[in-house]
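All values below were derived from every heavy atom in this structure, side-chain atoms included, with hydrogens, water molecules and symmetry-related copies excluded.
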Amino acid sequence: MLKLYHHPFSPESRFVRLALGEYGTPFETQTEYPWARRHDFLMMNPAGTLPVLKENDGPAVCGATVIMEYLDETRGYAIPNNRLLPDHPEARAETRRLVSWFLQKFLSEVIGYIVQERIYKQEMPDSQGGGQPDSSILRVARANMLNHMRYIGYLAATRKWLAGDRLTFADLAAASLLSCADYLGEVPWSEDENVKSWYARMKSRPSFRPILTDKMLGMPAAKTYADLDF
């Protein structure tokens, strides 16, 4: 049995949840608050970051891209028709490039700020940086969002899926980030119909259903969050 240490609104954790769902792999979850620096969690991952995956009594697999490679090697090979990392080296390189783009650049320039300011800070005690969102930070993140929407729109308009002709980890990475912002009503869907159409396909997949049920106490989801025909 796999156990995923995550936070429901951690974009990287959602990426792993989607991958596990696409591979049809049963798993259980434990919500972790990284800022609490729980001793047992730090023993598994001294970096104190999410996500962390444990399989039975095996060692902790730490970090979204490390988990991605682990799942490809332990699950992907067994289901070649649904493998999320393509067989061809060039296609694999493009998938990895886009996963890095989304989980590093898009996260650090946009989604990380939105999640930190609007979700994490509401859960964190004041002594650990909690409090009201910083409007100046959110303003920058919202401006940066537009450039990333254009890039995703370009990929969606010129390819069947973001990395090419088939669904890959790249689609899951982009969708996991957008889903966090979408819960908060922070995605300007009217900016690009290609992004909206691609995301509607992603949101309709069975692997997405558990994510659409996530809830933040005292902060209801945007009206279109769980609407497949938004």
Side-chain angles (χ1 to χ4, degrees), residues 6-18 34 49-51 64-65 94-124 129 131-159 161-163 167-205 208 211-212 214-216 219-230:
H6 80 132
H7 184 287
F9 290 94
S10 156
E12 303 101 311
S13 298
R14 285 187 167 200
F15 169 63
V16 174
R17 290 166 63 193
L18 288 175
T49 55
L50 295 172
T65 56
E94 176 65 356
T95 298
R96 288 188 173 109
R97 180 188 74 83
L98 288 174
V99 169
S100 177
W101 177 281
F102 296 129
L103 293 186
Q104 294 183 30
K105 190 173 178 64
F106 191 22
L107 182 65
S108 65
E109 293 181 353
V110 182
I111 305 301
Y113 288 125
I114 290 173
V115 171
Q116 176 72 18
E117 295 299 318
R118 295 202 56 194
I119 294 181
Y120 290 168
K121 286 177 70 172
Q122 310 312 304
E123 297 182 316
M124 299 166 67
Q132 294 301 308
D134 187 323
S135 59
S136 63
I137 291 177
L138 289 173
R139 188 160 50 249
V140 172
R142 289 163 182 158
N144 290 340
M145 172 75 87
L146 299 177
N147 290 327
H148 284 277
M149 289 286 284
R150 294 186 189 103
Y151 185 52
I152 297 171
Y154 162 75
L155 294 172
T158 56
R159 301 169 173 181
W161 296 96
L162 297 188
L167 179 81
T168 68
F169 283 114
D171 298 282
L172 307 189
S176 66
L177 270 71
L178 285 172
S179 70
C180 293
D182 189 36
Y183 182 92
L184 299 165
E186 292 278 4
V187 183
W189 295 116
S190 60
E191 287 292 322
D192 197 303
E193 284 297 318
N194 291 312
V195 180
K196 185 176 180 180
S197 176
W198 162 81
Y199 187 71
R201 284 192 289 152
M202 292 299 300
K203 194 159 66 165
S204 298
R205 298 185 69 82
F208 229 92
I211 284 179
L212 297 180
D214 286 342
K215 291 181 173 57
M216 173 74 179
M219 188 181 297
K223 292 182 179 179
T224 59
Y225 177 67
D227 184 359
L228 301 184
D229 298 316
F230 73 115

State, with a plain yes or no, whether a side-chain heavy atom of Tyr199 is found less than 4.5 Å away from one of Leu178. yes
If you round to the nearest 0.5 Å, how far is CD1 of Ile114 from CD1 of Ile137? 11.5 Å
Value rounded to 0.5 Å, distance of NE2 in His148 from CG in Asp192: 14.0 Å
Are the side chains of Asp182 and Lys203 in touch, meaning some heavy atoms are under 4.5 Å apart? yes
Donor-acceptor contact present, side-chain Lys121 to main-chain Gln132, <3.5 Å: yes
Is there a side-chain contact between Phe102 and Ile152, using heavy atoms and a 4.5 Å cut-off? yes
Return the set of residues passing ring-ring contact (aromatic ring centres under 6.0 Å, His included) with His6 (not counting sequence neighbours), or none when no residue passes. none
What heavy-atom pair brings Thr224 and Phe230 nearest, and what distance separates the two atoms? CB-CB, 3.8 Å
Can you check whether Thr168 reaches Leu98 side chain to side chain, under 4.5 Å on heavy atoms? no
Report the C-alpha separation of Leu103 and Phe15 in whole Å, then their side-chain angles, then the decisive distance to 0.1 Å, and conclude whether the side chain to side chain contact (heavy atoms under 4.5 Å, CB included) test is met. CA-CA 9 Å; Leu103 293 186; Phe15 169 63; 3.9 Å; yes
Is there a donor-acceptor contact under 3.5 Å from the side chain of Gln122 to the main chain of Glu117? yes
Nearest atoms (heavy-atom pairs only) where Trp198 meets Ala175: CH2-N, 3.6 Å
Closest approach of Ala163 to Ala170 (non-hydrogen atoms, all atoms of both residues): CB-CB, 4.0 Å
Got a second to check how far Met149's CE is from Ser190's OG, nearest 0.5 Å? 8.0 Å
Measure up the Tyr183 and Tyr225 rings against each other and bin them: parallel (under 30°), tilted (30 to 60°), perpendicular (over 60°). perpendicular
Supply the atom-to-atom distance Glu12 CD to Gln104 CD, rounded to the nearest 0.5 angstrom. 10.0 Å
Please name the pair of heavy atoms, one in Leu162 and one in Ala174, separated by the smallest distance, quoted to 0.1 Å. CD1-CB, 3.7 Å
Looking only at heavy atoms, which two atoms of Leu172 and Leu18 are closest? And how far apart? O-CD1, 3.7 Å
Answer yes or no: is there a donor N or O on one side and an acceptor on the other, between the side chain of Ser100 and the main chain of Arg96, under 3.5 Å? no
Once salt bridge (Lys or Arg N to Asp or Glu O under 4.0 Å) is applied, what residue pairs with a partner in residues 219-230 remain, sequence neighbours excluded? none
Can you confirm if the NZ or CZ of Arg201 lies within 45° of the ring axis of Trp161 and under 6.0 Å from the centre of its six-membered ring? yes
Taking only residues two or more places apart in sequence or in another chain, which ones pass salt bridge (charged side-chain N to carboxylate O under 4.0 Å, His left out) with Glu186? Arg118, Arg142
Are Asp171 and Arg205 ion-paired here, with the side-chain N under 4.0 Å from a carboxylate O? no
For the pair Asn147 (side chain) and Asn144 (backbone), establish whether a donor and an acceptor sit closer than 3.5 Å, ignoring hydrogens and angles. no
Should we say atom OH of Tyr120 is surrounded by more than 12 heavy atoms from elsewhere, each under 6.0 Å from it? yes
Non-hydrogen atoms of Phe106 and Leu177 that approach each other most closely: CD2-CD2, 3.5 Å
Rounded to the nearest 0.5 Å, how far does CG of Leu50 lie from CZ of Arg14? 13.5 Å
Quick check: do Val195 and Val187 have side-chain heavy atoms less than 4.5 Å from each other? no
Student check: side-chain heavy atoms of His7 and Ile119 closer than 4.5 Å: yes
Here the gap from Leu184 atom CG to Phe9 atom CZ, rounded to the nearest 0.5 Å, amounts to 7.0 Å
Ser197 side-chain N/O to Asn194 backbone N/O, donor-acceptor pair under 3.5 Å: no
Can you classify the ring geometry of Tyr151 versus Tyr154 as parallel (below 30°), tilted (30 to 60°) or perpendicular (above 60°)? parallel
